[in-house]
Amino acid sequence: MAKKTVQVGLLGLGTVGAGVCRLLQMNSEQINRRAGARIEIKKILVRDKKRKREAAVAPQLLTTDPQEILRDPAIDVIIELIGGVQEAHTHITEALRHKKFVITANKDLMATAGADLLALAREKGLNIYYEASVGGGIPLIRPLKYSLGANRIERIMGIINGTTNYILTKMSLEGMDFDTALAEAQAKGFAEQDPANDLEGTDAAYKLCILAGLAFNSRVRFEDIHVQGIGGINQRDVFYARELGFGIKLLAIGEEIAAPAAAAFDPATGAASASEAESDSRSGSAASSGPSTLPGRLALRVHPALLPLTHPLASVLYENNALFVVGNAVGEVMFYGAGAGALPTASSVVADLIDAVRNINHEVENGIMEADFQPKKFVPKEALFSAFYLRLQAKDEPGVFASLATAFGQEGVSLDMILQKRSIAGIAEIVLVTHEVEEKNFNRALGRIQKTPAIKELNSVLRVIGK
Ligand code: HSE
C-alpha cells in the first residue's frame with residue numbers, strides 16, 4: 001500500500017545538506033504533491049551537534065551516530081551528502097543492506113565505485129540516484145540516461161569545473177592574474193577542499209567518468225581519461241587566443257570513434273569480420289547512420305583548449321557549467337547552468353528524492369541501468385587528434401620561420417596560423433596554430449623544434465578544439 005509519509009535520513013548538513021532542508025521547506029507543498037506523499041526528514045547525521053547551520057532544523061533531528069539512521073526501519077531513503085569515498089561507501093552499502101533507497105551528490109564515489117554500488121542496489125531491488133553528482137543543478141544524468149536514450153551519442157564536450165572556468169574567465173575578461181582569480185573562487189565556495197583537484201583537472205575527470213559512462217554505455221575509470229590541468233596558462237596565451245578568435249576553457253571531452261568500416265558486424269558469429277585497425281581513423285567518424293551495433297573506441301580527455309569564440313561553450317562564463325552533446329538523431333543539444341552551490345545542487349537532490357518516493361510507492365524508475373554497460377576500448381593519448389597552439393621565443397633572424405615550417409612539414413604537420421607581434425633584444429615571440437594532427441606526429445615535430453638552434457624557449461603548448 002502506498003505510504004502517505006516517506007521518512008528520510010540525511011547524512012551531512014553542510015552547504016548542500018542545508019540547501020536540501022531549505023528547499024524542502026521552501027517548496028514543500030509542490031514537492032509533496034509531485035512525490036505523491038509527504039516527505040519528512042527524520043534524522044540528520046552531523047559531526048558536531050552544536051555547530052551553527054545555514055538551515056533552520058529542529059535540534060532533536062541531529063545525531064552523531066550513523067546507525068540511528070541506517071538501521072531505522074521507518075526510514076526508506078537516505079541522502080548521502082558527507083562527501084569523501086570511504087565513509088560514504090560504507091554508509092551507502094549498509095543503507096542498501098537495510099533496504100533503503102539512496103540519493104547521493106558524491107561524484108568521487110560514483111566515479112570510482114558507482115557501478116558496483118548500482119549493481120548491489122539492483123540486486124536488492126533498490127536504486128541509487130545521483131543527479132547532483134555532476135553539474136550541480138543542471139540536469140545531466142537523466143537526459144543522458146533517459147531523454148537521449150534513443151541516440152547513439154557521438155560526442156560530449158563540457159565545461160564541468162566551475163573553479164577553473166571562473167579563473168579563466170577572470171583572466172580573459174578582466175585581465176586578472178591566476179592567483180587572485182583562484183582566491184576569489186575559493187572565497188565564493190565552489191573550489192574543492194583541495195583546489196589542486198580543480199586546477200589539475202581531477203574533479204572534471206571524475207565527472208567525465210560518470211557522464212561518459214552514461215553517454216557511451218560503458219564503464220569508464222579515471223585511468224581511461226587523459227588529464228591535464230590549467231597550470232601554466234599565462235595571461236599572454238589568453239591575450240593571443242582572443243586575438244586569434246578563441247577563448248581558453250578547461251574542456252572535458254568524450255567521443256566514440258566508430259569501428260572501422262572494414263570490420264563489419266557478422267550477425268552469424270556476432271563478431272567483427274576484420275581485425276581492428278591499430279591507429280585511429282578519423283574517416284570512420286561516429287556519425288555513421290548505419291544499423292551497426294559494433295562498439296567503437298572511446299577517446300576521453302580533460303585539458304585546457306582554445307575554443308572558437310563562436311562555439312556555444314565559449315559563452316559559458318565564470319563559475320557556470322555546461323555540457324554540449326551530439327547525438328545521431330537529436331543533433332546538438334546543450335545543458336547550461338549553475339554547476340555548484342547550495343540551492344542549485346539541492347534542486348537535483350530533491351528531484352531525485354521525488355523520484356525515489358514515487359518509486360517506493362509506484363515503482364516508476366526502472367530504466368536503463370549501468371549494469372547493461374558494454375565493455376569498450378580506449379584510444380591511447382598518442383592517437384588523439386587535435387590542432388595545437390604554440391607560443392615560443394626565437395632569434396629574430398632570417399630563416400627562423402623556414403626552419404619551423406620544415407620541422408613541422410617533416411612530421412606531416414600543417415600550419416594554420418602564424419603570428420609574430422614583437423621582438424625585444426633580438427628575440428621574437430612567435431605564436432603558431434597547426435591544423436588537426438595526430439598527437440604522436442605533433443610530439444615528433446615538437447621534438448625537432450626544441451632542437452632547432454634559433455628557438456630559445458618554448459612557452460606554451462595548448463590544444464585547439466574547433467567544433
Ligand atoms: N569544485 C567544483 C567546481 C565544485 O569548481 O566545479 C562542484 O563539483
Side-chain angles (χ1 to χ4, degrees), residues 12 14-20 54 79-85 88 103-112 114 129-141 144 156-172 176 178-214 222 225 227-231 233 248-253 302-304 313 316-324 335-349 352:
T15 307
V16 179
V20 167
E54 286 163 44
I79 302 177
E80 183 278 305
L81 300 172
I82 52 177
V85 172
I103 294 161
T104 178
N106 192 328
K107 70 175 165 281
D108 295 11
L109 179 69
M110 290 311 288
T112 52
Y129 302 81
Y130 53 102
E131 184 62 70
S133 65
V134 186
I138 314 171
L140 295 176
I141 304 294
L144 289 174
I156 56 174
M157 181 153 92
I159 293 172
I160 49 177
N161 180 268
T163 301
T164 46
N165 202 44
Y166 187 85
I167 293 171
L168 293 171
T169 305
K170 284 276 179 178
M171 287 175 78
S172 169
M176 192 178 270
F178 189 100
D179 292 336
T180 314
L182 170 60
E184 274 195 10
Q186 285 176 295
K188 285 178 170 249
F190 36 78
E192 295 294 285
Q193 263 180 348
D194 177 1
N197 285 342
D198 297 303
L199 304 181
E200 290 168 9
T202 314
D203 174 75
Y206 277 126
K207 291 168 179 166
L208 184 60
C209 287
I210 298 173
L211 297 176
L214 292 169
F222 185 85
I225 301 176
V227 186
Q228 185 197 324
I230 63 164
I233 290 182
I248 300 184
K249 297 287 187 192
L250 182 73
L251 296 180
I253 306 173
V302 170
H303 56 62
L313 283 174
V316 177
L317 302 177
Y318 298 103
E319 70 271 31
N320 288 304
N321 284 199
L323 186 73
F324 182 79
F335 303 87
Y336 166 87
L343 281 179
T345 310
S347 159
S348 292
V349 170
D352 280 350

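Atoms within each ligand, like the ligands themselves, are counted from 1 in listed order. Since the structure is predicted, the reported quantities are computational estimates derived from the model, not experimental observations.
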Mind listing the N or O contacts between ligand 1 and protein, cut-off under 3.5 Å?
from: ligand 1; atom 1: 1 (N); to: Phe190; atom 2: O; distance (Å): 2.7
from: ligand 1; atom 1: 1 (N); to: Glu192; atom 2: OE2; distance (Å): 2.7
from: ligand 1; atom 1: 1 (N); to: Asp198; atom 2: OD1; distance (Å): 2.8
from: ligand 1; atom 1: 5 (O); to: Asn161; atom 2: ND2; distance (Å): 3.4
from: ligand 1; atom 1: 5 (O); to: Gly162; atom 2: N; distance (Å): 3.3
from: ligand 1; atom 1: 5 (O); to: Thr163; atom 2: N; distance (Å): 2.9
from: ligand 1; atom 1: 5 (O); to: Thr163; atom 2: OG1; distance (Å): 2.7
from: ligand 1; atom 1: 5 (O); to: Phe190; atom 2: O; distance (Å): 3.0
from: ligand 1; atom 1: 6 (O); to: Gly162; atom 2: N; distance (Å): 2.7
from: ligand 1; atom 1: 6 (O); to: Lys207; atom 2: NZ; distance (Å): 3.4
from: ligand 1; atom 1: 8 (O); to: Lys107; atom 2: NZ; distance (Å): 3.4
from: ligand 1; atom 1: 8 (O); to: Lys207; atom 2: NZ; distance (Å): 2.9

Donor-acceptor check, side chain of [X] to backbone of [Y], threshold 3.5 angstrom: yes or no?
| X | Y | value |
| --- | --- | --- |
| Glu192 | Asp203 | no |
| Asp352 | Glu131 | yes |
| Asn197 | Thr202 | no |

Query raised in the report: Is it true that Glu319 and Lys188 have a side-chain N and a carboxylate O under 4.0 angstrom from each other?
Result: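 A salt bridge is absent here (no side-chain N lies under 4.0 Å from a carboxylate O).
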Requested in this report: Classify the side-chain pair Tyr318/Asn165 by whether it contains a donor and acceptor separated by less than 3.5 Å.
Outcome: no
Requested in this report: Check whether any side-chain heavy atom of Leu323 lies under 4.5 Å from a side-chain heavy atom of Leu144, and answer yes or no.
Outcome: yes
